[in-house]
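Following: one structure in structure tokens, then a few remarks.
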Amino acid sequence: MFRFLAVVFAAVAVGCVVPAQAQGTVKIGALLPMTGPQQSTGVQIAAAIHLYMVQHGDTVAGRKIQVIVKDDGAVAEASRRLAQELIVNEKVDVLAGFGVTPTAFAVSPLATEAKIPQIVMAAGTSSVTERSPYVVRTSFTLAQSSVIMAEWALKNGIKKVISMVSDFAPGIDSENFFRDAFLKGGGEISQFIRIPLTNPDFAPFLQRARDARPDAVFIFVPSGQGGIFVRQFVERGLDKAGIKIIGPGDVTDDDLLNGMGDAVIGTVTAHMYSAYHPSPLNKDYVAAMRKANRNMRPNFMSVGGYDGMHVVYAALEKTQGKTGGDALVGAMKGMAWESPRGPISIDPETRDIVQNIYMRRVEKVEGELYNVEFETFPAVKDAGKIKK
Ligand code: DHB
């Protein structure tokens, strides 16, 4: 909690970096869950936005940049109302953030109407980018990691699986994409379980899962819930029964991993970011995030925020400071750069992110638990669009 408060303070400071002034200011309205169950997503992204501005300055192409952080608590209705206020009262040039899919969905019609970019820094449902021609995504899709997870599992002796996902759009995506790829490769899924998003209790389902003796439980939980899942998994003795955890890397979230205990060592997941990614850029990123935020380890949500700032800055440079959704989104299409997660680009056709997906295994390194990458699938597009 202490840590959260410190970072929330930093986030609020983002809005104060540049006082509201002249027409010269480019305003970015960031809708983030700074409170509530998805708080860690908002805290991580706000910290990354702040760091990006400290590192790259608050002026681009001669225009001042001001970020206004609004706490939507991950509630769609609140996000829509706050976005409306930001558009009408603050006259923001860009909307950004979106800690969960329902908030991204809720705001898309407003971005379309106002013709301003909607930079999705967290939400991971495939169809998010199809809700408005002004959406550009810098996070990830669940399809990207779930298909690769299925293929890896099949090649590595995992044949019998129980699927367990959080019951909202990204969970349904991960279930569907994993299922299609896993069944196609000859795997077997004996149960499809969907867990409520709020106050999740996995225990009764885990008990049933243990009795069914699968090789693995395929799990998708949103960022922030991995700790509860792993605790209940271990309490119910599934690890002792030799059942593996597999899934998109949201479950072994860097934000929570150290608290999960040694039972999680050896867990293999597929994902786009690990704080242990060995590039020099990432080492600097992790060190800077830790330094600025009371030693907080950045997670996969944070890089969505950091790279979301990069697309805005780089687009403004390309347009020489001209705003407007058509100019800015036009400039973002096809943009490629190096992120702390590795090389990434914005697909010019879909405005969705193209990135490496890494297979990672939890290991203890110098007393800390990390997702250590051991295989790279380069330049993965969203399977949700390739399918069509
Ligand atoms: C979404 C939210 C998460 O916290 C996550 O880890 C993945 C996806 C979402 O709402 O899209």
Side-chain angles (χ1 to χ4, degrees), residues 1-17 27-53 66-87 89-90 92 94-107 110 118-125 128 139 166-171 195-201 221-229 250 253-256 259 289 292-306 308-309:
M1 196 58 213
F2 189 53
R3 185 186 84 189
F4 280 148
L5 282 180
V7 186
V8 171
F9 180 79
V12 172
V14 172
C16 310
V17 168
K27 290 186 178 180
I28 304 172
L31 297 151
L32 291 168
M34 302 305 300
T35 54
Q38 256 62 49
Q39 181 189 46
S40 61
T41 296
V43 167
Q44 286 269 353
I45 292 177
I49 291 173
H50 188 247
L51 178 66
Y52 190 91
M53 293 185 75
Q66 181 191 11
V67 176
I68 304 165
V69 177
K70 294 281 180 190
D71 176 14
D72 67 12
V75 176
E77 206 30 60
S79 209
R80 194 207 316 266
R81 177 176 48 77
L82 291 165
Q84 183 75 32
E85 283 171 22
L86 285 167
I87 293 167
N89 301 338
E90 296 288 347
V92 292
V94 175
L95 288 167
F98 310 103
V100 293
T101 292
T103 61
F105 281 169
V107 171
L110 301 180
Q118 180 182 2
I119 310 301
V120 174
M121 296 170 158
T125 304
V128 160
S139 48
S166 185
D167 192 8
F168 74 129
I195 312 278
L197 173 62
T198 38
N199 303 319
D201 183 11
V221 283
S223 188
Q225 288 188 4
I228 309 165
F229 173 79
D250 308 60
D253 193 341
D254 271 299
D255 211 10
L256 303 168
M289 281 288 277
N293 300 285
R294 293 180 188 267
N295 208 29
M296 178 177 81
R297 188 196 286 188
N299 74 353
F300 63 100
M301 290 301 189
S302 78
V303 288
Y306 194 75
M309 289 304 285

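Index from 1, following the sequence.
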Measure across [X] and [Y] and return the closest heavy-atom pair with its distance rounded to 0.1 Å.
X    : Y    : answer
P200 : I195 : CB-CG2, 3.7 Å
A122 : I45  : CB-CD1, 3.8 Å
L197 : F168 : CD1-CE2, 3.7 Å
F98  : L32  : N-CD2, 4.3 Å
S40  : G224 : OG-CA, 4.1 Å
V92  : G29  : CG1-N, 3.8 Å

Is there a donor-acceptor pair under 3.5 Å between the side chain of [X] and the backbone N or O of [Y]?
X    : Y    : value
Q118 : A104 : yes
S166 : G171 : no
Q225 : T198 : no
D253 : S223 : no
N293 : N295 : no
Q38  : P33  : no

Using 0.5 Å steps for rounding, measure from the OG1 atom of T41 to the CG atom of D255.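 Interatomic distance, T41 OG1 to D255 CG, rounded to 0.5 Å: 8.0 Å.
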Does [X] reach the side chain of [Y], with side-chain heavy atoms less than 4.5 Å apart?
X    : Y    : value
F105 : V128 : yes
V303 : P298 : no
F300 : D250 : yes
K27  : V94  : no

Residue from M121, M289, Q39, R297 passing side-chain contact (heavy atoms from CB on, under 4.5 Å) with Q44: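 Answer after filtering M121, M289, Q39, R297: M289.
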Which of these, I87, I28, L82, sits in a side-chain contact (heavy atoms from CB on, under 4.5 Å) with L95?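 Exactly one pass, corresponding to I87.
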Using the rule given for side-chain contact (heavy atoms from CB on, under 4.5 Å), can you reason through T103 versus L31, listing the C-alpha separation, both sets of side-chain angles and the distance that settles it, and then say yes or no? CA-CA 9 Å; T103 61; L31 297 151; over 6 Å; no
Indicate yes or no: does E85 engage R81 in a salt bridge with an N to O separation below 4.0 Å.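 Answer for the salt bridge query: yes.
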Are more than 12 heavy atoms, taken from residues, nucleotides or ligands other than N199, located less than 6.0 Å from that residue's CG atom?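 At most 12 heavy atoms, drawn from other residues, nucleotides or ligands, come within 6.0 Å of this atom.
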